[in-house]
Amino acid sequence: MAEFEPRVFSGVQPTGNLHLGNYLGALVRFVELQDRFSCIYCVVDLHAITQAVNIWGGPSELTRAIREVTAAFLASGIDPQKHIVFNQSQVAEHAELAWVFNCVARMGWLNRMTQFKEKAGKNRENASVGLFAYPNLMAADILAYRATHVPVGEDQKQHLELTRDIAQKFNIDFAESIAENGHGDAFFPLTEPLITGPATRVMSLRDGTKKMSKSDPSDYSRINLTDDADMIAQKIRKARTDPEPLPGEVDGLEHRAEAANLVGIFAALDGRTPADVLGEYGGGQFSTFKVALAELATTKLAPINDEMRRLLADPGHIDKVLNDGAQRARAIAAPVMAAVKDIVGLRPHGG
Ligand code: TRP
């Protein structure tokens with residue numbers, strides 16, 4: 001198959017507050033990948049509006065959240081000059097390519113998407129058409145840049161498989177035209193997911209069996225990236241534990257979800273293995289461990305928190321970063337969309 005230039009694309013929805021799970025599971029990974037790939041990081045605002053208005057909070061909340069996710073990208077260490085940071089709705093090619101993909105993907109494929117079933121809940125008739133077609137827009141996000149690698153959590157694996165199915169069906173359905181237009185034997189790459197492992201899966205501080213989530217009604221279940229040092233320390237102090245001391249070995253964390261979570265968070269924040277952390281704190285009480293964890297968490301997160309506040313105090317600057325990123329994103333996506341039109345036969349067109 002044709003060779004594609006390596007490129008990373010990933011997206012984060014601007015809904016609710018970003019928390020420690022997003023940071024350790026996604027943002028840290030995004031930052032690392034900058035050394036090895038040319039990266040595009042997108043605030044996927046068109047995806048945010050697929051759910052009911054009361055879930056994403058309405059127009060002013062959406063605008064605020066777009067800027068907050070952007071600030072979190074920058075504060076975590078994403079370089080918007082070397083790489084590209086922008087919001088999806090500014091680059092019309094995403095929606096345009098998504099329409100073509102609406103005509104490539106099959107109803108049966110989308111009917112199998114577990115995230116749609118979860119998000120739509122019992123009342124599927126009342127879900128938006130956008131929520132059903134969400135995976136097609138996600139495929140368009142990725143393939144508008146012909147991205148080869150996408151860092152995502154385990155929960156997005158199925159959407160990445162669908163993206164590959166769409167790419168493959170397009171490549172096959174239009175094979176002749178793709179060749180005639182000078183693109184060889186494939187126009188879209190079969191994108192590889194870079195799945196973030198369970199080690200970076202951060203669980204709720206109130207229930208170690210549930211994922212840390214922005215939709216949990218208890219704010220004590222998560223550490224928000226906008227929480228200050230006092231708040232972080234308080235949340236860790238109140239985090240649920242069990243009555244036993246910490247085990248000396250990783251095996252001892254089995255069936256102790258809360259202990260495993262706190263040890264995992266410590267390890268991820270400090271760039272160590274859980275075994276190493278238990279080597280130091282195993283056999284000790286949670287009270288001692290929590291003090292150390294609170295100190296570590298505030299030390300690591302305070303600079304990000306401070307930088308986010310500084311950035312959010314100047315929304316004009318954030319908007320400039322997004323506008324500049326959108327312009328550069330468009331420069332890549334527009335020729336891809338024009339080529340898609342040629343391949344499909346949507347001629348003449350201005351691209
Ligand atoms: N669906 C992703 C999520 O909920 C967000 C997303 C949208 C995305 N478009 C993307 C992730 C493209 C990776 C690539 O997390």
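Side chains included, hydrogens not; waters and symmetry mates left out as well; all remaining heavy atoms used. Note that ligands are numbered from 1 as they come in the structure, with each ligand's atoms numbered from 1 the same way.
- Protein residues with a heavy atom under 4.0 Å from ligand 1 are F9, S10, G11, Q13, V44, H47, Y134, M138, D141, I142, V150, V152, Q156.
- Here D319 pairs with R67 under the salt bridge (Lys or Arg N to Asp or Glu O under 4.0 Å) rule; sequence neighbours left out.
- Ion pairing between a basic and an acidic side chain is recognised when a charged N comes within 4.0 Å of a carboxylate O; K235 and D227 show such pairing.
- In this structure, R164 is not positioned above the aromatic face of F188 in the sense of NZ or CZ being under 6.0 Å from the six-membered ring centre and within 45° of the axis.
- Classification of D165 and K169 as a salt-bridged pair fails, no side-chain N sitting under 4.0 Å from a carboxylate O.
- For Y41 and H83, the distance between ring centers is not under 6.0 angstrom.
- With salt bridges taken as basic N to acidic carboxylate O contacts below 4.0 Å, one links R347 and D342.
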